[in-house]
Visitor: 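Encoded as structure tokens, here's the structure I'll be asking about.
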Amino acid sequence: MNPPSHPEPGEGGALARLAGQVDTLRRQVAELEPIPDQVGELGRLVGQLSEALAAVTARRRIPAAPSWLLAPNDTAETRRLLDELCGWAQAVFLRYPDAAKVLPECWLWHPEVVEELLWLMHAWLAAYQGPAASVGAAGDWHDRQRPGVVNRIRKEAGSCSIERHQTRPGWSAPDGAALPVPGTDHVEEIARWWAGQRDQAPPEPAPAVDAGPIGTALR
């Protein structure tokens, strides 16, 4: 019979070391098991932060108001600005009795008044419809911005008129009714003048057709 085999000298120690290394690797792998879940959670948090940052950034992107004083020399563009402004003025601005009282018929002949109304319109849009729309912004528009523009229009052009003695349309309308924007029949000539000849004298407004004896005497 053959004698029983025995491990070579030193072989037992190598096996013990190998078993220890395997056990160490097993523990290390066990520690790595939560990592995929942690990576997924981290990705979710990064996504939430990205969305929050995008929302904050978007709220800060308040569009700039166009400038009538620096409008391009393009009749189509100046006409577009005036058409939008007239529509907003009738829908919003002239709903306020103090605004209706100070806006003269000749407001189109006052570039500073057009500029005031343009930025006020865009301030209203930003407060009510823009990405940063808020109750606070709307309150500021009512409490500070609109009254400020009305006061300046009153001082700059409130007593001016194409024909001082011509009866203004809309005065018989009840309080709170939307009044027609005065002087809109001059939009085309003002748009053409401001687009190409704004450094020259503005076009002379045509006299009222049905002015009566007073208008005839004034002319």
Visitor: Give the minimum heavy-atom separation between Pro97 and Arg95, together with the two atoms involved.
Guide: CD-O, 3.5 Å
Visitor: Within the structure provided, determine whether Trp109 and Val114 are in side-chain contact (heavy-atom separation under 4.5 Å).
Guide: no
Visitor: Relative to the ring of Trp88, is the ring of Trp141 parallel (under 30°), tilted (30 to 60°) or perpendicular (over 60°)?
Guide: perpendicular
Visitor: Counting C-beta onward and ignoring hydrogens, is there a side-chain heavy-atom pair between Pro111 and Glu115 closer than 4.5 Å?
Guide: no
Visitor: For the residue pair Pro66 and Leu118, what are the closest heavy atoms and their distance?
Guide: O-CD1, 4.0 Å
Visitor: Got Lys101 and Asp98 here, is their nearest side-chain heavy-atom distance under 4.5 Å?
Guide: no
Visitor: Using a 3.5 Å distance criterion without hydrogens, assess whether the side chain of Asp140 forms a donor-acceptor pair with backbone atoms of Gly136.
Guide: no
Visitor: Rounded to the nearest 0.5 Å, what separates atom CH2 in Trp194 from atom OG1 in Thr75?
Guide: 13.0 Å
Visitor: Could you state the interatomic distance from CZ (Arg154) to OG (Ser159), rounded to the nearest 0.5 Å?
Guide: 11.5 Å
Visitor: So do the side chains of Val150 and Phe93 get within less than 4.5 Å of each other, counting heavy atoms only?
Guide: yes
Visitor: To the nearest 0.5 angstrom, please state how far the CD atom of Gln129 sits from the CH2 atom of Trp124.
Guide: 4.5 Å
Visitor: Can you name the nearest heavy-atom pair linking Ala99 to Arg146, along with the distance?
Guide: CB-NH1, 4.2 Å
Visitor: Contact between Trp107 and Leu117 at the side-chain level, heavy atoms closer than 4.5 Å - yes or no?
Guide: yes
Visitor: OG1 of Thr184 to CG of Asp83: how many Å apart, nearest 0.5 Å?
Guide: 9.5 Å
Visitor: Under a 4.5 Å cut-off applied to non-hydrogen side-chain atoms, are Arg80 and Glu77 in contact?
Guide: yes
Visitor: Nearest 0.5 angstrom please: Arg152 CZ to Glu116 CD, how far?
Guide: 4.0 Å
Visitor: What distance separates Trp193 CH2 from Leu108 CG, expressed to the nearest 0.5 Å?
Guide: 10.0 Å
Visitor: Does any part of the side chain of Val181, heavy atoms only, come nearer than 4.5 Å to the side chain of Leu85, both counted from C-beta?
Guide: no
Visitor: What are the two closest heavy atoms between Ala138 and Ala127, and how far apart are they?
Guide: N-CB, 3.7 Å
Visitor: With sequence neighbours excluded, what pairs up with Glu188 under the salt bridge (charged side-chain N to carboxylate O under 4.0 Å, His left out) test?
Guide: Arg79, Arg192
Visitor: Is any side-chain heavy atom of Arg198 closer than 4.5 Å to a side-chain heavy atom of Trp68?
Guide: no
Visitor: If you take all heavy atoms of Leu94 and Pro182, which pair is closest and at what distance?
Guide: CD1-CD, 4.3 Å
